[in-house]
Amino acid sequence: MTYSFQFRDVFAAWEFLLDGLVLTLELSLVTMVAGLVIGLAGAAGRVYGPAWIRRPIAVYVETIRNTPLIVQLFLIFFGLPSAGLKFDANTAAFIALSINLGAYSIEIIRAGLEAIPRSQIEAGQSLGLSGLQVFRHVIVFPALKLMYPALASQFVLLMLATSVVSQISAQDLFHMASIIQSRTFRDFEVYILVAAAYLALAMIFRLLFAGLYQLVFARR
Amino acid sequence: MSLVELTDVVKRYGTHTVLNGVSLNVERGEIIAIIGRSGSGKSTLLRCVNGLEPIQGGTVTFDGTIVNDPGTDLRKLRQHVGIVFQSFNLFPHLSVEKNITLAPKVVKHVPPAEARQLAEAVLRKVGLAEKIDAYPDQLSGGQQQRVAIARSLAMQPVVMLFDEITSALDPELVGEVLKVLEEMARDGMTMMLVTHEIGFARKVANRVVFMHEGRIWEEGPAAATLARPRTPELETFLSAVLH
Ligand SMILES: Nc1ncnc2c1ncn2[C@@H]1O[C@H](COP(=O)(O)OP(=O)(O)OP(=O)(O)O)[C@@H](O)[C@H]1O
Ligand SMILES: [Mg+2]
């Protein structure tokens, strides 16, 4: 076991890594926003909607949570063009990731909504608030606060999972790593560096989420 | 026409009949105390008045509007019917001010500055002006309940429903809440209050309604009804709560 590390060639390709990092970040952030929107709307429909809304949402959530992300991605990128729907790699990646994160978010936010006592809803209704106003002013905030740790964890997992988009040649961090690897043949060094980059990203996201919690949910 | 009219109201949960033909008229300015054993249907009765519970028979009207008509705009109706619950049900994420001003702002579109003044005014009524920026979990039970009353008052309701609002309180905190009710009574507010405080009922209520097995078993002027029950059920109930 006398491997001598040589990071020089790998470091020389830092611009590739940076480009990849930027796409990974963009994909993660945009998907998180989409996931939150889908999660909120979907969970509201899942909990308070009529049966014809509840059931399709349940089917969507269970289908996504019980199939591999990479299959979902391939279905959208390689499958849909047969039906005439063609996306470039980045768009396909964004769609697949959002659909995926949306399903997990719905499930998490649903648990939060269901944890809000009925008496809170009735207090809002008794004051003359509409269903939507009760949702917006009485339910959403405590529900999100309750599920925030779970949601933040899911979002970090999503960031790590974006690495599958390299499989449809989206030029994310992991894809760039493979390119550098094929040029330098420094497999060990490249993947150590990439691991460190994902680790750093995950830490940064966790810090940001913790800060956001303090800012939004932890008053006083 | 009375302000609140219940006519042959029937409420069932599945096969379990909770209200079995309840008729009751409440006049403007009247204070009705509703007493009875646990499970006799007191809360259900109140909750039918503001349409929180759908009913299976009879009619409930408020100020001439049929509450149980599917075409009735319950949101509009509830602006005039305040309700205060045993467990306060303040919104934990909102300050006292925001708890009070939420409905005036989003339902009645009261501008923010005016809403704050409104909050100050109703808080003064319940003796909590200095707590306007506090959060519910910083308040005692008695204070939370008074904020809940203030929150209802801010909508300027025509009738107030109180469902055992002192039952969750430590004994030493009951007095401060009852005092607020007495003041509202003096101001002429129409009230329907479910209570186990028989002494209080005797003092402020015009009329007492005794619920038993989903029916109004006995009713009449407060003092006389409580002093001389006509049915053995009320007599048993009164001796149980008074001793
Ligand atoms: N959501 C519900 N589903 C089924 N049964 C219910 C429901 N709510 C109330 N009940 C039943 O209806 C009956 C009357 O309940 P209600 O709460 O009106 O009684 P109450 O007189 O207010 O009693 P308490 O003094 O304990 O508050 C009880 O037997 C109760 O179990
Ligand atoms: Mg009750």
Side-chain angles (χ1 to χ4, degrees), chain A residues 36 39-41 43-44 47-52 105 108-152 209-220, chain B residues 43 46-47 49-53 73-95 98-110 133-138 144-145 147-163 168:
Chain A
L36 186 64
L40 271 173
V47 176
Y48 306 113
W52 62 268
S105 302
I108 292 170
I109 296 173
R110 175 173 84 109
L113 296 181
E114 285 174 348
I116 302 302
R118 175 118 210 101
S119 56
Q120 286 281 305
I121 299 171
E122 288 182 350
Q125 287 175 336
S126 298
L127 288 164
L129 270 63
S130 68
L132 204 63
Q133 288 168 337
V134 170
F135 182 74
R136 188 163 149 224
H137 298 286
V138 177
I139 300 175
V140 162
F141 191 92
L144 282 183
K145 181 176 181 181
L146 201 63
M147 300 320 291
Y148 189 88
L151 214 49
F209 286 140
L212 195 65
Y213 184 86
Q214 289 302 321
L215 207 67
V216 179
F217 292 105
R219 44 151 235 262
R220 329 196 271 279
Chain B
S43 298
L46 279 195
R47 292 159 57 86
V49 174
N50 76 344
L52 274 182
E53 297 289 350
D73 183 358
L74 284 177
R75 280 190 292 150
K76 212 159 169 196
L77 180 116
R78 286 171 182 152
Q79 296 178 34
H80 308 292
V81 183
I83 185 165
V84 182
F85 304 92
Q86 182 174 346
S87 50
F88 330 138
N89 302 351
L90 293 179
F91 307 129
H93 59 297
L94 300 179
S95 68
K98 294 274 167 55
N99 260 280
I100 294 172
T101 57
L102 174 62
K105 277 191 205 153
V106 307
V107 178
K108 288 184 169 174
H109 307 291
V110 174
D133 294 317
Y135 279 83
D137 61 7
Q138 296 171 317
Q144 288 190 53
Q145 194 58 294
V147 170
I149 295 171
R151 181 174 70 177
S152 259
L153 284 178
M155 290 301 278
Q156 287 149 342
V158 178
V159 58
M160 289 282 295
L161 315 174
F162 297 98
D163 191 1

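Keep in mind that this is a model prediction, so the values were computed, not measured. Here is the naming used below: chain letters follow the sequence lines, and residue numbers restart at 1 for every chain.
The two residues A:Ser126 and B:Phe85 have their closest heavy-atom pair at OG-CZ, 3.7 Å.
Checked against side chain to side chain contact (heavy atoms under 4.5 Å, CB included), A:Pro117 has the following partners two or more places apart in sequence or in another chain: A:Ser119, A:Gln120. Under the side-chain hydrogen bond (donor to acceptor under 3.5 Å, both in side chains) criterion, A:Gln133 pairs with A:Ser130, not counting sequence neighbours.
Each of B:Gln79, B:Arg47, B:Lys76, B:His80 has some count of heavy-atom pairs under 4.5 Å with chain A, and the biggest count is that of B:Arg47.
We find the CZ-CD distance between B:Arg78 and A:Glu122 to be 9.0 Å, quoted to the nearest 0.5 Å. Of the inter-residue distances, the one linking A:Arg118 atom CZ with B:Leu52 atom CG reads 8.0 Å to the nearest 0.5 angstrom.
Neither the backbone nor the side chain of B:Leu77 comes within less than 4.5 Å of any heavy atom in chain A. In this structure, chain A has heavy atoms under 4.5 Å from both the backbone and the side chain of B:Asn89. Neither the backbone nor the side chain of B:Val84 comes within less than 4.5 Å of any heavy atom of chain A.
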Throw together a table of side-chain donor-acceptor distances under 3.5 angstrom for residues 98-106 of chain B, partners on residues two or more places apart or in other chains.
| unit_1 | atom_1 | unit_2 | atom_2 | d |
| --- | --- | --- | --- | --- |
| B:Asn99 | OD1 | B:Phe91 | N | 2.7 |
| B:Asn99 | OD1 | B:Arg151 | NH1 | 3.2 |
| B:Asn99 | ND2 | B:Phe91 | O | 3.0 |
| B:Asn99 | ND2 | B:Leu94 | O | 2.9 |
| B:Asn99 | ND2 | B:Ser95 | O | 3.2 |
| B:Thr101 | OG1 | B:Glu97 | O | 2.9 |

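The 12-atom threshold is not exceeded at CG of A:Leu132, counting heavy atoms of other residues, nucleotides or ligands nearer than 6.0 Å.
Residues of residues 139-151 of chain A lying under 4.5 angstrom from chain B, judged on non-hydrogen atoms, are A:Phe141, A:Pro142 by number.
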